[in-house]
Amino acid sequence: MSVQPEITQRDLRSRSKEIMDAVEGGKAFTVTRDGHQIGELIPLRRRRRFVARAEFAAMSRNAAHVDVDAFRVDQEAAIDQDHGDPYER
């Protein structure tokens, strides 16, 4: 595990665009003030929006089998079928 480079609060203020571009590119920094570490500037984890078909198929191979009929029976049993009139007082 590599050590994050330290930047001062003053550096962050004066070089914010350069530093934020580096963070966007995946780099992390430890921010210091008066020689003391006060925080970390780290990139957000990005959620994947696309999963390749082959990857999805590979993940699905280990999924439990779902009995559709039993699932439907369970749903029906869990739903309150008699809601009544919501406007009735």
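Just so we're clear, the structure is a prediction, and the values are computed from it rather than from any experiment.
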Quiz item: Would Ile7 end up clustered with Ile42 when hydrophobic side chains under 4.5 Å apart are linked, directly or stepwise?
Solution: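 No; tracing contacts between hydrophobic side chains, which count when under 4.5 Å, never links both residues.
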Quiz item: Are Leu12 and Ile38 in one and the same hydrophobic cluster, where Ile, Leu, Val, Met, Phe, Trp and Tyr link if side-chain heavy atoms are under 4.5 Å apart?
Solution: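 In one cluster: yes.
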From [X] atom [atom1] to [Y] atom [atom2], the distance as rounded to the nearest 0.5 Å:
X	Y	atom1	atom2	value
Glu6	Thr32	CD	OG1	5.5 Å
Arg53	Ser60	CZ	OG	12.0 Å
Leu41	Ser16	CG	OG	10.5 Å
Arg10	Arg33	CZ	CZ	12.5 Å

Exercise. Check whether more than 12 heavy atoms from other residues, nucleotides or ligands sit under 6.0 Å from atom CG of Leu44, and answer yes or no.
Key: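 Counting neighbours around CG of Leu44, 12 or fewer heavy atoms of other residues, nucleotides or ligands fall under 6.0 Å, so no.
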Exercise. Tell me, please, which residues at least two apart from Asp21 pass salt bridge (charged side-chain N to carboxylate O under 4.0 Å, His left out).
Key: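 Result, salt bridge (charged side-chain N to carboxylate O under 4.0 Å, His left out) vs Asp21: Lys17.
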Quiz item: Arg15: what forms a salt bridge (charged side-chain N to carboxylate O under 4.0 Å, His left out) with it, not counting sequence neighbours?
Solution: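 Checked Arg15 against salt bridge (charged side-chain N to carboxylate O under 4.0 Å, His left out); matches are Asp11, Glu18.
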Self-check item: Validation row: Met59, Val51 side chains within 4.5 angstrom (heavy atoms)
Solution: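 They are in contact (side-chain heavy atoms under 4.5 Å apart), so the answer is yes.
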Quiz item: Which residue pairs pass the side chain to side chain donor-acceptor pair (under 3.5 Å) test with at least one member in residues 62-72, sequence neighbours excluded?
Solution: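 Counting only pairs at least two positions apart or across chains, the side chain to side chain donor-acceptor pair (under 3.5 Å) contacts touching residues 62-72 are Arg72-Gln75, Arg72-Glu76.
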Self-check item: Least distance between heavy atoms, Pro5 atom then Lys27 atom
Solution: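 Taking every non-hydrogen atom into account, CG-CE, 3.7 Å.
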